[in-house]
Amino acid sequence: MKHSLAPVPALAALGAAIIAAAPALAQTATLDERINTAFAGATGWFVSLIFAPIPGTGFPWIVAWLVVGATVFSIYFGFVQFRVIGHSIALVKGDYSDPDDAGEVSHFQALATALSGTVGLGNIAGVAVAVGIGGPGATFWMILAGLLGMASKFTECTLAVKYRNEYPDGRVSGGPMYYMTKGFALRGAWGGKPLAVLFAIFAILGSFGGGNMFQSNQAHAQLVNVFGEFPGVITGVVFAAIVFAVIVGGIRSIARVTEKVVPLMGVIYVGTALVILAINFDQIGWAIGQIFAGAFTGLGVAGGMAGALIQGFKRAAFSNEAGVGSAAIAHSAVRTKEPVTEGFVALLEPFIDTVVICTMTALVIIITGQLVSDPETGLYIVGEGGSIETLAGNTGVALTSAAFSQSVPIFRYILVVAVILFAFSTMISWSYYGLKAWTFLFGEGKTTELVYKLIFCFFVIVGAAASLGPVIDFSDAAIFAMAVCNIAALYVLMPIVKAEMESYLSRLKSGEIRKFT
Amino acid sequence: MSSTIVVAHDGSDSSERAMAFAVDRAGVIGGAVLVAHVLEWSPYAFLTKEELEERHVRRREELERAEAALLRPVLERHAASGVPITTEMRYGHVAETLIRIATQAQAVQVVIGRRGQGGFANRFFGSVAGSLVQACPVPLTIVP
């Protein structure tokens, strides 16, 4: 580990140089701008391809792909997400864990670790984007997407455990790359390997986009929002230095502290949201009315009902990553004889992430009246660029922050801490996901891994410096591109999951699988 | 079946005194000694992704280390006593796991050493001895 610490001073020096240049504001402003322009130019084609509308409609094909996938899995598995939820909770509690396996990765640990990678700025900033463009109705579609997404998550995590890799030294890791290659081969299906390679490429891009740039971008936005304007490169360099210390320097204690603090922060975040809802309890009925009315009419948002639906589904997928394949990597290390049990546990993830946490954010934004509507028609006023006008012209994380601090101003500071911690833990998680994809393509080795890690740190800086628009477009595009490969693979492999599920559930019913007491 | 005395051993001097006491007692009653070593572990602790990946390896290493550094030397030290000694290693909450081991072995007695730490540390971390005094299903001897 010692030798790899050496580059730290180099990065610190780079940071110092940039910070030293900061007083010359004009210079840094152009640096931010230049990064932004270069970035938007380089990624535009990829974004257009992923978000191309279905011919003859304005509906992006990728959103349809996700919705159809989640719906197919829900129906195919007989709405497993609603049938087994009691059993899922018993599994997480450890009721069915063999005491002889104590000391191995438990269901709870796999779930908690996967969640800390998923609960991120998608829950805070992403939801604000959804509601800011799609109106309150987007919340309805977001929750629906979360509920359906539970079936996608169930499928991918079961497969990830079943086809994981156990290295000769005993390390365990898995993920879509492995079920694509191994699973396809076992089923005699063609194309597993090319699909896995394509997935790995998109996973690397996704780790730079949604798992990285979007996080540092919105963390910087929230810092600016609370503490005043300063150049994004500063936030970027500081974040990059800390990420660097963890992933290159091997300073695991930072990651370990984050892992412990993030769940607590999630609870504080939901608690804070509940306090705001309690303060505005007389508005809750109205807010729910707005969500349902908006879901089917759009209440004047750009694109009407379809606009609300597209935003809701997009942001739900971005937040809970169901069907994307990322969390499957984290879930694969659990110790269990029954892969399907990890699927049952993993399906709780979209529920906690989207149905609980995202809904809280959305309700707070709606209930505090951030979105401006026309008092005569009741329709929302759509400004330039298709976003609904907000009280102070805020978008993204700033909108959530305004909503949180309206009733209790001090809440914006809680939000800053939450945003930074969530952003950081998501970045660390995605650096791991991306690295697994990277080593799948290029093999394991100190040098190749270092190359990836350095590129990752570089994108932390780019993300903080660029503006929200291009960053969010690219982040979405990369993450959804992963889902293109992953859901295709899930279709091919879902009969295997069904066989596992039916066998397990029948043994559970017959009493062959029992609780350990 | 002979009477089994369970000794909790964490490698400390006081556990060694507890061990000596237990071997002595077992010799008198013609029983056997079961040396239990519990590795503190919670299935609800939070791990990073690398820790998840390496957990299986780490667990194997931890067990091997405890076997080599703790249990084997204990067996060797007391081999001459002629008392049958077996060992057991488990992960879990220390007091709860000791109780489970004692119950499964149908032990007649549990013997432990004590840390002798101050009240302040106890207030934060609790003590194994304190928990066992409350919950042990068979007679418990605490060796100072």
Side-chain angles (χ1 to χ4, degrees), chain A residues 92-94 97 99-117 164-174 246-247 250 252-264 326-327 329-335 425 428-433 435-436 516-517, chain B residues 6 8-11 34 36-71 86-107 124-125 128 131 135 137:
Chain A
V92 175
K93 278 168 62 193
S97 307
D100 287 344
D101 283 341
E104 300 276 9
V105 176
S106 67
H107 284 303
F108 176 89
Q109 284 164 334
L111 177 67
T113 306
L115 260 179
S116 82
R164 65 184 169 193
N165 236 14
E166 301 204 16
Y167 297 98
D169 64 1
R171 280 179 304 129
V172 184
S173 88
V246 174
I247 64 175
R252 289 204 185 163
S253 50
I254 302 177
R256 213 169 287 145
V257 168
T258 326
E259 290 293 328
K260 288 179 171 59
V261 176
V262 161
L264 178 72
S326 51
I329 300 173
H331 279 282
S332 60
V334 73
R335 174 76 13 182
S425 76
I428 299 292
S429 297
W430 273 89
S431 74
Y432 178 80
Y433 298 153
L435 184 64
K436 287 288 133 188
F516 287 90
T517 44
Chain B
V6 169
H9 208 310
D10 62 359
L34 171 59
H37 177 59
V38 181
L39 296 106
E40 181 74 52
W41 168 258
S42 166
Y44 306 112
F46 295 107
L47 302 179
T48 65
K49 293 183 173 59
E50 282 84 10
E51 286 173 320
L52 289 188
E53 179 179 329
E54 292 168 357
R55 187 60 223 155
H56 187 60
V57 190
R58 293 274 168 276
R59 180 181 190 264
R60 201 177 56 207
E61 286 170 1
E62 284 163 10
L63 290 174
E64 281 167 3
R65 207 178 312 137
E67 174 75 41
L70 201 154
L71 294 177
T86 50
T87 61
E88 182 149 356
M89 259 188 301
R90 292 234 193 130
Y91 278 88
H93 180 268
V94 177
E96 282 171 13
T97 310
L98 284 173
I99 290 170
R100 200 170 306 127
I101 292 171
T103 313
Q104 279 168 6
Q106 294 178 305
F124 274 99
F125 304 115
V128 174
S131 315

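Each chain gets a letter, A, B and so on, in the order the sequences are listed, and its residues count up from 1. What you see is a predicted model, and the numbers here were worked out from it, not measured in a lab. Side-chain atoms are counted along with the backbone in the values below, which use heavy atoms only and exclude waters and symmetry mates.
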Among [options], residue most engaged with chain B (heavy-atom pairs, under 4.5 Å):
options                      : value
A:Ala330, A:Ala110, A:Gly170 : A:Gly170
A:Gly94, A:Pro263, A:Ala112  : A:Pro263
A:Gly103, A:Ala102, A:Ser429 : A:Gly103

Proximity breakdown for [X] and chain A, heavy-atom pairs closer than 4.5 Å:
X       : answer
B:Arg60 : side chain
B:Leu39 : neither
B:Thr97 : neither

*asked:* Using side-chain heavy atoms (C-beta onward) and a distance below 4.5 Å, is B:Lys49 in contact with A:Ser173?
replied: no
Is a side-chain N or O of [X] found less than 3.5 angstrom from the main chain of [Y], in a donor-acceptor match?
X        : Y        : value
A:Gln109 : B:Ala45  : yes
B:Arg55  : A:Ser106 : no
B:Tyr44  : A:Lys93  : yes

*In terms of heavy-atom proximity below 4.5 Å to chain B, should A:Val262 be classed as side chain, backbone, both, or neither?*
neither
*Pick one of side chain, backbone, both or neither for A:Arg171, based on which atoms fall under 4.5 Å of a heavy atom in chain B.*
both
*What distance separates A:Asp101 CG from B:Arg59 CZ, expressed to the nearest 0.5 Å?*
6.5 Å
*Can you measure from OH (A:Tyr167) to NE2 (B:His56) and round to the nearest 0.5 angstrom?*
14.5 Å
_Tell me the closest heavy-atom pair linking A:Thr113 and B:Leu47, and the distance in Å._
OG1-O, 2.8 Å
